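The structure displayed is predicted, hence computed values, not measured ones. Naming: A, B, ... by sequence-line order, numbering from 1 per chain.
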Amino acid sequence: MPELPEMENYKKLLTEKIAEKTIMNAMIKREKSINVPIKTFQQQVHSQKIISIERRAKHLLFHLENGYILLLHLMLGGWMYYGNEEDKPDRSIQVELYFGDNSLYFIGLRLGYLHLFTKKEVDSELSDLGPEPLDINFSLNAFQDLTKGKKGKLKTTLVDQKFLAGIGNCYSDEICFEAQLLPTRTMNNLNDQEVVQLYHAIRSVLPTATEHGGYMENPLFTNDQKTGGVSNFLKVYDREGESCKRCGATILFKEVSSRKCFYCTGCQH
DNA sequence: AGGGCAACCCGGACGC
DNA sequence: TGCGTCCGGGTTGCCC
């Protein structure tokens with residue numbers, strides 16, 4: 001569920017909170033969330049400073065002083081909270097990183113995980129990912145090259161992490177809406193102009209959503225005014241039956257490649 | 001290459 | 001209130 005904008009928002013806010021802070025302890029309440037024995041995990045992160053936080057696709061990478069990296073994927077419904085014992089959410093917490101005053105809580109990890117890896121292992125884990133859509137080097141030209149030979153549905157292609165990294169179900173619909181293209185169109189019948197529209201839609205929807213704090217339901221910390229703010233700005237996602245903000249037609253819903261898909265036939269073609 | 005599908009997992013929603 | 005059932009969602013892997 002959390003996609004590029006949500007993770008980018010987390011990255012920015014968390015960097016302000018925990019960069020340069022030292023992990024005093026790690027509490028593992030659900031062993032499946034990690035990839036090594038609990039003791040090993042605790043030993044490797046103990047007394048380690050968080051050097052930096054990086055985002056790649058829908059992952060966050062917490063870089064530790066000793067070169068190890070905590071690789072986070074929230075998958076479906078995972079989220080985080082930074083605070084103390086008193087204001088922590090009343091939800092099932094799978095992992096807690098304790099910083100001496102506050103803790104970073106990892107909540108609702110089902111298929112999600114926080115894995116301890118070396119740099120080399122992380123590179124291997126992430127090696128199949130496509131380019132970062134907001135990378136400065138990801139030019140229109142690069143996108144045009146990427147789309148060459150692609151035949152699948154627009155929707156299916158956009159959420160394919162090997163094609164582009166970080167786009168999920170919500171923003172694939174929003175991007176198609178912005179580009180005024182139906183998600184069911186196939187890549188090989190887009191004309192040159194439509195490929196350009198698609199590129200610009202990707203490059204505008206994702207940063208805008210990030211600026212508005214993504215669509216996470218829960219704040220990252222007390223008085224967090226940023227996280228979750230984008231919900232009111234979404235144009236089609238989860239808006240079945242509502243009228244289109246651009247043309248007034250009714251937003252439709254149907255399943256595309258076994259995914260929820262929202263679109264407007266009034267102005268998407 | 002793309003499409004379809006099952007498996008993974010469990011909190012939350014829903015029904016009785 | 002409480003218990004049982006089912007669903008969802010990103011990702012991987014397998015098959016057609």
Next on the checklist: Do the side chains of A:Arg55 and A:Glu132 get close enough for a salt bridge, i.e. N-O under 4.0 angstrom?
Outcome noted: yes
Checklist outcome for this item: Heavy atoms of A:Leu182 and A:Cys264 approach each other most closely as CD2-O, 4.2 Å
Checklist entry - Who passes side-chain hydrogen bond (donor to acceptor under 3.5 Å, both in side chains) against A:Asn102, sequence neighbours left out? => result none
Checklist entry - How are the rings of A:His115 and A:Phe117 set to each other: parallel, tilted or perpendicular (split at 30° and 60°)? => result perpendicular
Next on the checklist: Counting C-beta onward and ignoring hydrogens, is there a side-chain heavy-atom pair between A:Asp101 and A:Asn84 closer than 4.5 Å?
Outcome noted: no
Item to check | Leading and trailing nucleotides of DNA chain B with any atom under 4.0 Å from heavy atoms of chain A | outcome: B:dG2 to B:dG12
Item to check | Centroid-centroid under 6.0 Å between A:Phe62 and A:Tyr68 rings | outcome: no
Checklist outcome for this item: Its contact letters, B for base, S for sugar-phosphate only and - for none at protein heavy atoms under 4.0 Å, make nucleotides 11-16 of chain C read B-----
Next on the checklist: Do A:Arg110 and A:Met75 make a side-chain contact, defined as non-hydrogen atoms from C-beta onward lying under 4.5 Å apart?
Outcome noted: no
Checklist outcome for this item: Per nearest nucleotide of DNA chain B, the residue lying toward the 5' end, A:Asp160 or A:Gln94, is A:Asp160
Item to check | Rounded interatomic separation in angstrom, taking CE from A:Met7 and P from C:dG10 | outcome: 13 Å
Checklist entry - Would you say the side-chain atoms of A:Thr222 and A:Tyr81 include a donor-acceptor pair closer than 3.5 Å? => result yes
Next on the checklist: Using five pairs at each end of the helix from B:dG2-C:dC16 to B:dC16-C:dG2 to define an axis, what is the angle between those two axes, to 10°?
Outcome noted: 40°
Checklist entry - When all nucleic acid strands are considered with a 4.0 Å heavy-atom cut-off, which category describes A:Ser258: base, sugar-phosphate, or nothing? => result nothing
Distances for protein N/O vs nucleotides 1-8 of chain C N/O pairs under 3.5 angstrom?
| from | atom 1 | to | atom 2 | distance (Å) |
| --- | --- | --- | --- | --- |
| C:dG8 | N2 | A:Arg110 | NH1 | 2.3 |

Item to check | Between C:dG10 (P) and A:Tyr113 (OH): distance, integer Å | outcome: 14 Å
Checklist outcome for this item: Tested for side-chain contact (heavy atoms from CB on, under 4.5 Å) against A:Glu174, the lone hit among A:Ile202, A:Val230, A:Leu234 is A:Leu234
Checklist entry - NA contact type, A:Gly152, heavy-atom cut-off 4.0 Å: base, sugar-phosphate, or nothing? => result sugar-phosphate
Next on the checklist: Run the salt bridge (Lys or Arg N to Asp or Glu O under 4.0 Å) test on A:Glu54 and A:Lys11 for me, step by step, so that the C-alpha distance in whole Å, both residues' side-chain angles and the decisive distance to 0.1 Å come before the verdict.
Outcome noted: CA-CA 7 Å; A:Glu54 180 190 356; A:Lys11 176 203 145 169; over 6 Å; no
Checklist outcome for this item: Residues passing the ring pair (Phe, Tyr, Trp, His ring centres under 6.0 Å) test with A:Phe106, sequence neighbours excluded, are none
Next on the checklist: Distance to the ring centre below 6.0 angstrom and angle to the axis at most 45 degrees; does that hold for A:Lys17 and A:Phe221?
Outcome noted: yes
Checklist entry - On the ring face of A:Phe262, is A:Arg239 found with NZ or CZ under 6.0 Å from the centre and within 45° of the axis? => result no
